[in-house]
Peer 1: 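Please read through the structure below; I'll follow up with questions.
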Amino acid sequence: MQRKKTEIVTARMTPKVKKQLQQQAQDANMTLTDYLCICGLGQEIIRVEGLDAVLSELKAQGRNLNQLTTLANMGRLTVLRSDELIDKYVDLCAAIRRLTREVS
């Protein structure tokens, strides 16, 4: 659970430095505040290429599974040929394993 941000820090910098920091934060898919806090605390920012596509597919599969569960609970679905669904999950697991190896 994130704590509410209540403290304000003001910093002076040149427009060029500000623009560079904003660009780096954007490249890391972060807000400038989060980017500066993580960098200031000496934590490493790791950007994993391909993660967005995996997360998007994982969300889509979650929606599909939720819809199938709803239909089954309503009694409108009694038999499911799950080969394609299982294959998608196998592909997702393989993609997550690849990404994990790249980060490690």
Peer 1: If I take atom CG from residue Leu55 and atom CD1 from residue Ile96, how far apart are they, to the nearest 0.5 angstrom?
Peer 2: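 These two atoms lie 7.5 Å from each other.
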
Peer 1: What's the separation between atom CG in Leu65 and atom CD in Gln67, rounded to the nearest 0.5 Å?
Peer 2: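 Reported value, rounded in 0.5 Å steps: 10.0 Å.
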
Peer 1: For a side chain to side chain donor-acceptor pair (under 3.5 Å) check, start with the C-alpha distance between Gln61 and Glu57, then their side-chain angles and the critical distance, and finish with the verdict.
Peer 2: CA-CA 6 Å; Gln61 290 302 319; Glu57 180 63 26; 2.8 Å; yes

Peer 1: What pair of heavy atoms forms the shortest contact from Gly62 to Tyr89, and how long is it?
Peer 2: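 Here Gly62 and Tyr89 meet closest at N-OH, 4.2 Å.
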
Peer 1: State the CE-CD1 distance between Met30 and Ile45, to the nearest 0.5 angstrom.
Peer 2: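 The CE atom of Met30 sits 4.5 Å away from the CD1 atom of Ile45.
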
Peer 1: Please round to the nearest 0.5 Å and tell me the distance separating atom CG of Leu41 and atom CG of Leu36.
Peer 2: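 One finds 10.5 Å between CG of Leu41 and CG of Leu36.
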
Peer 1: List the atom of Leu92, the atom of Val54, and the distance in Å for their closest heavy-atom pair.
Peer 2: CD2-O, 3.7 Å

Peer 1: Look at the side chain of Thr70 and the backbone N and O of Asn66, then say whether any donor-acceptor pair between them is shorter than 3.5 Å.
Peer 2: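 Yes; at least one donor-acceptor contact below 3.5 Å.
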
Peer 1: Between Ile38 and Met13, is there shared hydrophobic-cluster membership here, with clusters defined by ILVMFWY side-chain heavy atoms closer than 4.5 Å?
Peer 2: yes

Peer 1: Consider only side-chain heavy atoms of I, L, V, M, F, W and Y, link residues closer than 4.5 Å, and tell whether Val9 and Leu32 are in one cluster.
Peer 2: no

Peer 1: Would you say Lys19 and Gln23 make side-chain contact, with heavy atoms under 4.5 Å?
Peer 2: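 Lys19 does not reach Gln23 side chain to side chain.
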
Peer 1: Which distance, rounded to the nearest 0.5 Å, do you find between the CG of Asn64 and the OG1 of Thr69?
Peer 2: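 Nearest 0.5 Å value for the CG-OG1 distance: 10.5 Å.
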
Peer 1: Roughly how far, to the nearest 0.5 Å, is CD of Gln20 from CD of Gln22?
Peer 2: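 One gets 11.0 Å once the value is rounded to the nearest 0.5 Å.
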
